[in-house]
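Scroll down for the structure; my scribbles are underneath it.
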Amino acid sequence: AQRVTQPEKLLSVFKGAPVELKCNYSYSGSPELFWYVQYSRQRLQLLLRHISRESIKGFTADLNKGETSFHLKKPFAQEEDSAMYYCALRFGNEKLTFGTGTRLTIIP
Amino acid sequence: EPEVTQTPSHQVTQMGQEVILRCVPISNHLYFYWYRQILGQKVEFLVSFYNNEISEKSEIFDDQFSVERPDGSNFTLKIRSTKLEDSAMYFCASGGKRGGTDTQYFGPGTRLTVL
């Protein structure tokens with residue numbers, strides 16, 4: 001069965017410090033991985049997906065198949081990064097399987 | 001930029017009542033989804049819909065649930081006889097292409113409270 005694990009429910013980081021949000025997945029095939037973000041009172045938005053290999057709002061994520069991880073990183077946190085972050089997986093079919101989410105708070 | 005819209009934003013109902021949650025997907029999208037999030041828990045897949053039929057559903061999506069695309073623009077989720085445990089945030093999503101070539105765009109959600 002597909003499973004996504006985000007071990008940190010809450011993460012607080014000082015402004016300007018590096019951020020890493022952890023995501024591990026379990027699936028025997030080659031899934032597609034996503035990070036979605038939900039800012040306060042807003043909808044879930046796609047932040048990035050591993051196949052595009054791009055940086056959005058300074059965030060990057062590398063798929064590590066050996067460690068089955070897709071950690072989200074940003075070198076210098078900004079206050080507007082405070083939000084709920086969800087890692088999600090999709091393989092073959094269309095449904096997204098989400099992790100439990102990490103609430104990131106940036107301390108000014 | 002086009003967005004998925006959902007109505008109402010908040011629905012309060014009595015246990016045993018029927019509710020219909022409405023969604024207007026992005027107009028040229030072909031794939032439609034419902035997810036739900038119980039407070040404090042993760043977002044869970046309920047059902048996917050393509051070409052006027054259900055393409056996949058989860059264990060949560062039992063006989064009390066149904067989906068419909070009644071008029072070519074709206075996409076509805078009906079819960080026939082609501083239970084207390086149906087209280088959750090319900091998200092609609094739509095996508096343009098099947099599988100890994102497109103992302104899913106989410107609506108703002110409907111908060112359902114069953115009393």
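Proteins come first, then strands; the chains are lettered A, B, ... in the order of their sequence lines, and each starts at number 1.
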Measure distances from Y105(B) to the heavy atoms of chain A and classify the residue's part below 4.5 Å as side chain, backbone, both or neither.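 Neither part.
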At a 4.5 Å cut-off on heavy atoms, which part of Q37(B) comes close to chain A: side chain, backbone, both, or neither?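 Side chain only.
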Top contributor to chain A interface from S48(B), G107(B), G109(B) [non-hydrogen pairs under 4.5 Å]: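 Ranked by heavy-atom pairs under 4.5 Å with chain A, first place is G107(B).
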Structural part of L46(A) lying under 4.5 Å from a heavy atom of chain B: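 It is the side chain, since no backbone atom gets that close.
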Side chain, backbone, both or neither of Q45(A) within contact of chain B (heavy atoms, under 4.5 Å):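 For Q45(A), no heavy atom lies under 4.5 Å from chain B.
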Check this for me, if you would: do E18(B) and R80(B) make a salt bridge, where the nitrogen-to-carboxylate-oxygen distance has to be below 4.0 angstrom?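 Between R80(B) and E18(B) there is no salt bridge, as every charged N stays at least 4.0 Å from the carboxylate O atoms.
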Salt-bridge contact K57(A)-D81(A) (side-chain N to carboxylate O under 4.0 Å):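 So K57(A) does not pair with D81(A) through a salt bridge.
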So, F106(B) versus Y35(B), ring centres under 6.0 angstrom or not?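 Ring centres of Y35(B) and F106(B) closer than 6.0 Å.
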Could you note down all residue pairs passing side chain to side chain donor-acceptor pair (under 3.5 Å) where residues 69-78 of chain B supplies at least one of them, sequence neighbours left out?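 Sorted result for residues 69-78 of chain B: D71(B)-S73(B), D71(B)-N74(B).
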Quickly, which of H29(B), Q104(B), E3(B) forms a side-chain hydrogen bond (donor to acceptor under 3.5 Å, both in side chains) with S94(B)? Name it, please.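 It is H29(B); the other options fail the test.
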